[in-house]
Every structure is written in structure tokens, then in C-alpha cells.
Amino acid sequence: MEKTFEPQSIEQQCYEKWEAAGYFKPTGHGDPYCILLPPPNVTGSLHMGHGFQQTIMDALTRYHRMKGDNTLWQVGTDHAGIATQMVVERRLNAEGKTRHDLGREAFIDKIWEWKEESGGTITRQMRRLGTSTDWDREVFTMDDNLSKAVTEVFVRLHDEGLIYRGKRLVNWDPVLHTAVSDLEVLNEEEAGHMWHMRYPLADGSGELVVATTRPETMLGDTAVAVHPDDERYQAFIGKDIRLPITGRLIPIIADDYVDPEFGTGCVKITPAHDFNDYDMGKRHSLPMINLFTDDAKINNEAPEAYRGLDRFDARKQIVADLDAEGLLVKVVDHKLKVPRGDRTGAVIEPYLTDQWYVAVESLAKPAVEAVESGEIRFIPENWNKTYYQWMNNIQDWCISRQLWWGHRIPAWYDNEGNVFVGRDEAEVRSRYKLEEAVELKQDNDVLDTWFSSALWPFATMGWPEETPELDTFVPSSVLVTGFDIIFFWVARMIMMTKKFTGKIPFKDIYITGLIRDENGDKMSKSKGNVLDPIDLIDGIDLESLVSKRTSGMMQPQLAKKIEKNTRKQFADGINAYGTDALRFTFAAMASTSRDINFDMSRVEGYRNFCNKIWNASRFVLMNTETEDTGRDGGELVLSLADQWIWAQFQKTLKEFESALADYRFDIAAQTVYEFTWNQFCDWYLELTKPVLNSDASTDAEKRGTRHTLINVLEQLLRLLHPLMPFITDTIWQRVAPLSDAGVKEGETSIMIQSFPEVKAERENDKVLADIEWLKRFIIGIRNIRGEMDISPNKPLNAILRNVSEQDQERLDLAAPFIDKLAKLESITTLKAGEQAPASATALVGEMEILIPMAGLIDKDAELARIAKAMGKAEQDVARANGKLSNEKFVNSAPEAVIAKERSKLEEAETALAKLKEQHATISAL
RNA sequence: GGACGCUUAGCUCAGUUGGGAGAGCAUCGCCCUUACAAGGCGAGGGUCACUGGUUCAAGUCCAGUAGCGUCCACCA
């Protein structure tokens, strides 16, 4: 094996082997375990969030596969209607064309081309991450099967009256020319103005002053409203206003909705362009005047002077005209929430159009109950509050989009505008008994992307056909996703899956945190702080990173700053850390917090961890490959250390599995890291050396230690595999043949081996305690060396005092280990009454280790060391004394706590006494 | 306006039912010891945001304050 771990040389070929061998498929036996991959955008590329979530899903998938479950990780991609259409449209614009130049069909062909061209990017990147999804079942949301399910759901919901078409006020994106759902609108606070305008009464008897943030909509006003109890305006209610500019007569109405305290207490009502006004218009049967065209320009309803003006130009013009007529009272600065489209950033316009809706109320109820009953569980649990809050106030879902890319709505219109819904035109004709002569045109609109995503749990399993997969893998086991799509996706999947299968879509919902940069900022192209997981795997030089971060920007003016920051933060580019290190980092950072600041130094640390595993394995192989490991029989005598590492491993295994059951990947990672580095490498491997390198060891002892080395490593690799698939398989190929696991004839892989099982007979508290004692002994001496500047190479003689029977027993077992690890020449025991030479001291419980100082040790340094230890001991004594002398403590605390406190006191007092004695001895020199 | 979250070592974060403050990275000292210098050994470092309460005992439970953040709703 190479001396240093080089991930590049192993990862790709490893993956190809797995995929070719079909290891990612469900085995068909065992308990079903299924994870649905949240389908990434087909034309997207892998970002840190994907890397993070997919690491978690893959770890769970590999773990359950090794546990013997019938494991499916369902993979697929999403057509992502708006996002994809925009990308292709932008490319078209770059050529100086628009989608209208091409026409609908040609444009859609263009998107399919683009999909074929770039659609594999993300799945290729996923393979680099090691994702063990079943690629043979890969699904695209616009595949025929999925589209069939979409149509089926639409038709069935429509037949039940749960999908309807209606003219309503919707959120209109004037750039995209489409309706969007409430969720796709972001409300950001922005600085604006409030215009106070005079509205004269029709009878000339006075005026009202209305305040508005949108003066241009006054052209569509159909009333002015005041609060019914507002004394100022009692006399006005019922009278008419002559609306300036238009000259139309509009009534003054009273409505509770008006807040008398706000503005002037008079509100202009524009039912066609404001959601609240719309409701009020309905209540008061007001006319609705639509003022705008599709791209938010003034239409022909307005006086001629304004027609064709953009809404913001119209605003200026109207304000100027009112001012000229003396109707503008004042303009005040005002902060307001501006609705913007999440894709375009354009100001969203409430707009009166015909759209399709899902009546969600009846679907929401069972979906809420599924969580309330505990059938579906959010992890962390708190997210259920977010879910309830939204579900309990849920509004009908606008599902039609005036886009070209997506599932076309299965509705047809005749020339009279009658609507017919059916699975296809032929079915419509037979259903509604329409003759061939009747001309039918399909609805131009497509469905919201999330409509098809909502069907993911069952549509990917073959629905509406009755398939075995529907029985086996619905519900799936856990959904791993971010909180940002709880409403968009999670809630809707629950509703739709309950509705169409009667089952829940998944049992657990594990909500991950959001990956941010090291400063806690969201990673975004415009901030220039995006990291590509692949760059962390393969590495990237500075120049490439800079050009990657600054190319194709929406706001090119930011490029300079981004370049500067990038050059500063990554002066040497990014090292190649390999997939396993990156995955382990993701796992280690997956705590319960909702924001995860990605810290590059963690990756480096875990790359070092990979190297540690690599080198530990080299050591094990060096000592076993050409030696007898007892695989073919032969007596095995296990040393204290051998028994200990087995016992430690059982503990680690239990902790790991329990952490995984709680979705605490950080704890799981921490646990195996600690075991591997701090126990297996730092102690166990060192403890095997005295056995393996000593002529005093018997063959059976050496065989026992080699057997333990190779088999613990073999099991450790299996334990680590779910988190670090590549390095573990690579090493395992060399290790397994030497171990009891053996390798079956022909090719195999660690990923289809069983997960290690806890063996009760290997748990051993006595041995654990013995080795703890041994560690304290060795650390005591190392501490003396370290603080007294004694070379690690200098052999020392240790003298023991106050040796108990148990100490003596342990010493008999452990002496050879101690000699080697503490580099001792001799250990002698001071007999009763015998005088000790001047020495540096370490305590192991009540036993004292004395290192004679002659010629070695600096008196002052040793006095300082003892003083420090005394300080600690004094503190301990004081604290324990304080507690134990407190009557209330002794009376109320549980017996175990008190006993513990007593023994702590005793221990500290003993230590203090010995230290004092020692201090006196040294001082006297 | 409503809901939720965060504040612990220089940095990034753990801290399970209340019972002696932890990790990684960074820092300091010593070591090229035949698995590993991407390493070994040793060490230093915290008023657990603040105030009060409950309790024998609070980082942990309760109330409040400050700061930061997210989501939902929204007054023209």
C-alpha cells in the first residue's frame, strides 16, 4: 500500500464496480427500507446542500442494506418548470431570440435538447459522491409513466370536484407572464412612499383624503371605504365620490376591515388589483376593473392618456397629474412589504385571471391527522408546529402556470369556451359525447412543478398500476429534506399520497439544516461564496476557482469583490480531499441545528482521519499479510489489550447504531472517529507491539493478537462503510481475506456484507477498567516526561509505592505493555518501611509512581508540577466538602450521588495528602 | 402581529432524564520512536449572553431582558 492515502486513485473505479455488479438494487428479501431522493432539477448541478443530504441518505441506505433490509433508494430528477424554462429562455435570448420566435413546440424541443445535453450532470456528480441509488429505476417527472400519473390524479380530483377552474385574483409574475402560487412570492420590506390624495365628493359638498402606496391603481378604484364606527366619516357613508382623472362615480362604503388609525382612515378600494380589496369588493358587490395587461402595462380600461404605460411610469404620471390638479396632499416616506417573484425578482401583481385550483381543505385534514397521531414523525420534532401552522390556514392551491414546459393540463375547450376534462381528447369526446365535428382545443397551461412532485412517493412506484413496489415501498421509511420545502413539497406529498393510496408517504421526516458558508451566510452565486462539492473532492486551483465563481453572473459588477475575497480565502486553491473526507465532514456537521456553517478546516481534519485509517490498516496488514492470523485454526491467546479492544468495539457499535436510529449523524461520526483514532490507533496498535515484537510471546499469543488486529479492523471497516464507502471497500479487499469473515470466491464488496453485530461475550467491564488503569499509569509517566523535559527516548526506572492487591494484579498483567509504552527500564515496588529516593511523582488512584530524580529532574519544575496538582486536589476537596457538609444535600440528594461525592472526596484527600508529602520531600532537597 | 430557533474555549460546534464544563481546528512546548509529520507525546485556554426564580444542586427547568436569525401573516 502507498504510504499516503490518495482518494483519486480508488474512488471512481470502486463506484463503477459497484454499479456494474448491481449492488444498488433492492435484494427482494428482508424488511423493506426505502428512501425517496428529493428529485433535483434535471438541468441543475450538485451543490453543498445536495452533497450534505445525499451523504445522509446514502449512509442510511448503506447501513440498512448491510443490516439485511430490502433496501431501495429511489432516484429521479425533476423537470422544474419555471427554473428550466428560464434557463433555456436565457440562452435563447443570448442568441437574440425569444421563445415566441420559435413557437411552443420548437421551444419545448429546445428544452428537451438542453435536458439531454446537461441532464446527466447532476447524476454524474451524485455518482462521485458515492450515492447508492438504484439507477435502473431512475425517473424523470416528465417521463410517460409519471405524466400518466399526473393526468390520472388531475382527472380524478376534478371528477370529485376537488380541482376547479375559476376567475380569481392570483399572484401574477409580469416578467414570466404566469400565475404563481403564494409560496413562490417573497415579501421583502422595501422603502417606498405613501401618497395622500384628495377624492372630491360627487355633490361637491366636500372631499375625502385617501392614502395609498399604489396611486396608479386609482384608475381601477370602485369604492372608498371607511370604518363604520369612525366618527369623522359618518356623514360620508353612502355618498359618492367623483373619482379624479376618470370622472367615474364610486360609493363610500363602511367596512370593519378599515383601520381608522392607519393613514387617513379612508381606503381606496381597487378590487382587481389588491387581495384585501378583492375580498371587500366581493362583500360589497363592487365592480372589478382590471387595469393591466399581461406585462403590467395600463390597458384600454384606462383613459387614453395612460394606455400602454408601464405600471411604474403610470404611477409617476398619475401622481404628477393629480398634483397639477391640486389633488395631491402630501407624499410621506413609508416602508412596505413588496411582493416579488422568487425566480424573477419582479414585483408580483395581483391579477384577475382564469386559473385552475386544487381545493385543499379536505385533503389537508387527513394530512394533519397523520402527523398529530404520530404516524408521521418530524425530526427534529419542532417542525411539526411549522407544518400545522401552515396546514391549518391552508389556501386553495393555484396549479396552473402560463408556461410551456411542464405537464399540459388535461382539459379541452370547444369553441363556446366549455371545458371538458379527461385523460385525453378521445376520452373527453366519449365522456361528454362530443361529436367529431366539435372542435376541441387543449388548455394551453401547464401544471405547477410541485403538482407532479407531490405524487413522487407513489408515482415512482408505478401508480396508477397496481405494482408490488406500491405494496412494498409505500410508505417509505424516511424523507430527508430541508425545511425550505416543507410547504412546497412535504405537505403536498402527504396530502396526495393519503388521498390516492390511503397510506402515508413516509414514516419519518428528517429535516436537515441549511449549509452556509463559514461566516453563516447563505451560499449564493451573487455572494460568490459557493462551494462545489466536487471541487472539495478533486481539488481546484485558485485561477479556476476564481473564474468559476465570477463567470455567468447575473450582476457582473460584483465580480471584482468576489475575486478579491476568493483569492484571500483560497490563496492556494482547494486541496483534493476525496469523497470520504467530504462525506464524513457532512455527517459530523449534521447536528440538530438548523444552520450549518461549513468550515473547510473540518474537511482537512477528516481527510487526515482517512489517512489515519489508511496507515493503521497498513500497519495491520504489515503484521498479518505474511503471518498466521489464526484463520485456519491454531490456538489463540488474547492479551489484555486484545480483549479490551474487542470490548471497546462493542461499545462503539452500540453507540453508533443508537445515534443512527436518532438521526444523529454527528454523534455517530464522533463515536467512530473517537474509537478509531483515540482507542484503536493511539492505544491498541501500540499495545500490540510489545506482543508482536517480543521473543517472550508465545506463538498462540502472537496469533491471538494478529487475529484480533485483522478482525477488529475488518469489522471496523464495515462499521465505517456507510459514512466512508470508498476507502473502506478499498482496504477491505485486502483485509477481508485474512480475517474470519473471509471473502467468498469471486468478486464481492464490503457494501453487501452484513453490518457488524454486537457480541455480548466480548463485552468486558473488568478489562475496560484494567486498561483504564494502565492508561493512567502510562499517562502519569508521560506527563512527567513532558513537563520535566525528559526525552521520550530516555529509559526510566519507576518505583511504586502503596501498591494494593488489585494494583499488583494489574501490574502482573500489564507490565510488558507499560515498559514499552512508557519506555521504562524497570518497575520496582517499594517495600514497607523502605526509604524512597527523591523522585517526581504520579498518582494512579492511591498508588504512587516515583521516578527518581537523580541527574534528571529540575527541582523547581517538579515543585511547580506538584503545586499545580495540589491546587486541583484542594479544589476538589473543597467542593466535595462543601456539598457533603450541607445537610440539605445529604438529606435530599439520591444515595448514589452522595456516595459518588464521598468517594470523590476521599480520592481527592488521599491525593492531596500524598502530594503534600511529596512536596515536602522535594522541598527538603 | 404570530410562530420557531440561536447566544458554551480564539474559530466551528457537541452537551441525551438537572448531579464533577467537552470535541475538532487554532495556540504553546518536546519529538523525524521502523503504520502515519496529513504524525506522536504533553500543556494552556470558558463569569456556559444578561437578570431573576424553582431546587440540596442549573449550561440543562421556569420567567424576563438584550442581541442575532428563520418562517408565516399583514394596514391601504
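All figures in this text were calculated on a predicted structure; none of them were measured in a lab. Proteins get letters first, then strands, A, B, ... in listed order; numbering begins at 1 in each.
Among R311(A), H273(A), R315(A), the one residue that satisfies the side chain to side chain donor-acceptor pair (under 3.5 Å) test with E216(A) is R315(A). Across E188(A), E190(A), E189(A), a single residue satisfies salt bridge (charged side-chain N to carboxylate O under 4.0 Å, His left out) together with R340(A), and that is E190(A).
Between Q395(A) atom CD and rC72(B) atom C1' there is a gap of 12 Å when expressed in whole angstrom units. Counting to the nearest Å, the C1' atom of rC74(B) and the CG atom of N393(A) are 13 Å from each other. Computed from coordinates, the N187(A) CG to rA76(B) P distance equals 11 Å when rounded to whole Å. Nucleotide rG1(B) holds its P atom 16 Å from the CD atom of Q389(A), rounded to whole Å. At whole-Å resolution of the value, CZ in R516(A) and C1' in rG5(B) are 12 Å apart. In this entry the distance linking CZ of F488(A) with C1' of rC71(B) reads 12 Å, nearest Å. As a whole-Å value, the separation of L336(A) CG from rA76(B) P is 6 Å. As rounded to whole Å, 7 Å separates atom P of rC72(B) from atom CG of L183(A).
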I'd like a list of close polar pairs between nucleotides 45-49 of chain B and the protein, N/O only, cut-off under 3.5 Å.
none

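D259(A) comes within 4.0 angstrom of a nucleotide base, judged by non-hydrogen atoms across all strands. Base engagement by V258(A) is indicated by at least one non-hydrogen atom pair under 4.0 Å involving a base atom. In this structure, I486(A) reaches neither bases nor backbone, as no heavy-atom distance under 4.0 Å exists between it and the strands shown.
Atom P of rC56(B) sits at a distance of 32 Å from the matching atom of rA66(B), rounded to the whole Å. The gap from the P atom of rG69(B) to that of rG29(B) amounts to 39 Å, rounded to the nearest Å. Straight-line distance between the P atoms of rU7(B) and rC13(B): roughly 10 Å, to the nearest whole Å. Of the C1' atoms belonging to rG45(B) and rA3(B), the separation is 39 Å, rounded to the nearest Å. Annotation: rA26(B) and rU12(B) have their C1' atoms spaced 11 Å apart (nearest Å). Atom P of rG18(B) sits at a distance of 13 Å from the matching atom of rG59(B), rounded to the whole Å. Here, rA63(B) and rC28(B) have their C1' atoms 44 Å apart, quoted to the whole Å. Comparing rG40(B) with rA21(B), their C1' atoms are spaced 27 Å from each other, to the whole Å.
Between R214(A) and E349(A), at least one side-chain N (NZ, or NE/NH1/NH2) sits under 4.0 Å from a carboxylate O, which counts as a salt bridge. Salt bridge annotation for D599(A)-R602(A): absent, with no cationic side-chain nitrogen under 4.0 angstrom from a carboxylate oxygen.
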| task | Mind running salt bridge (charged side-chain N to carboxylate O under 4.0 Å, His left out) on E714(A) and R734(A) for me, showing each step along the way? | result | CA-CA 10 Å; E714(A) 192 275 332; R734(A) 305 262 311 254; over 6 Å; no
| message | Would D221(A) and K268(A) count as a salt bridge (charged side-chain N to carboxylate O under 4.0 Å, His left out) here? Give the steps. | response | CA-CA 6 Å; D221(A) 286 358; K268(A) 61 189 268 313; 3.0 Å; yes
Considering only distance and modelled atom types, tabulate donor-acceptor pairs under 3.5 Å from the side chains of residues 2-10 of chain A, sequence neighbours left out.
{"residue": "S9(A)", "atom": "OG", "partner": "E6(A)", "partner atom": "O", "Å": "2.7"}

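Both the sub-6.0 Å distance and the 45° axial angle are satisfied by K689(A) relative to the ring of F619(A). In this structure, R776(A) fails the cation-pi test against W683(A), since its NZ or CZ atom is not both closer than 6.0 Å to the six-membered ring centre and inside 45 degrees of the ring normal.
Ring orientation note: the planes of F609(A) and F584(A) are tilted relative to one another, at an angle of 30° to 60°. Using a 30° and 60° split on the angle between ring planes, Y673(A) and W677(A) fall in the tilted class, from 30° to 60°.
Here the shortest heavy-atom pairing between I667(A) and T671(A) reads O-OG1, 2.6 Å.
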| task | Scan nucleotides 14-20 of chain B nucleotide by nucleotide, 5' to 3', and note B when protein non-hydrogen atoms come under 4.0 Å of the base, S if they reach only the sugar-phosphate, - if neither. | result | SS---BB
| request: Going 5' to 3' through nucleotides 23-38 of chain B, assign each nucleotide B (protein heavy atom under 4.0 Å from a base atom), S (under 4.0 Å only from sugar-phosphate atoms) or - (no protein heavy atom that close). | output: SSS---------BBSB
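Every residue two or more places apart in sequence or in another chain was checked for a side-chain hydrogen bond (donor to acceptor under 3.5 Å, both in side chains) with D819(A), and none qualifies.
Residue-environment remark: CD (E772(A)) exceeds the threshold of 12 foreign heavy atoms within 6.0 Å. Heavy-atom contacts from other residues, nucleotides or ligands closer than 6.0 Å to NZ of K775(A) number more than 12.
Taking only side-chain nitrogens and oxygens, N886(A) never comes nearer than 4.0 Å to OP1 or OP2 of rA57(B). Using a 4.0 Å cut-off, some side-chain N or O of K868(A) falls inside it from OP1 or OP2 of rG44(B). Contact annotation: H334(A) reaches the phosphate of rA76(B) (side-chain N/O to OP1 or OP2, under 4.0 Å).
Proximity of a side-chain donor or acceptor of N529(A) to a complementary backbone N or O of K522(A) within less than 3.5 Å is detected.
Helical stems in RNA chain B, defined as runs of 3 or more consecutive Watson-Crick or G-U wobble pairs with both donor-acceptor distances under 3.5 Å, are listed by first residue as B:1-7 with B:66-72, B:10-13 with B:22-25, B:27-31 with B:39-43, B:49-53 with B:61-65.
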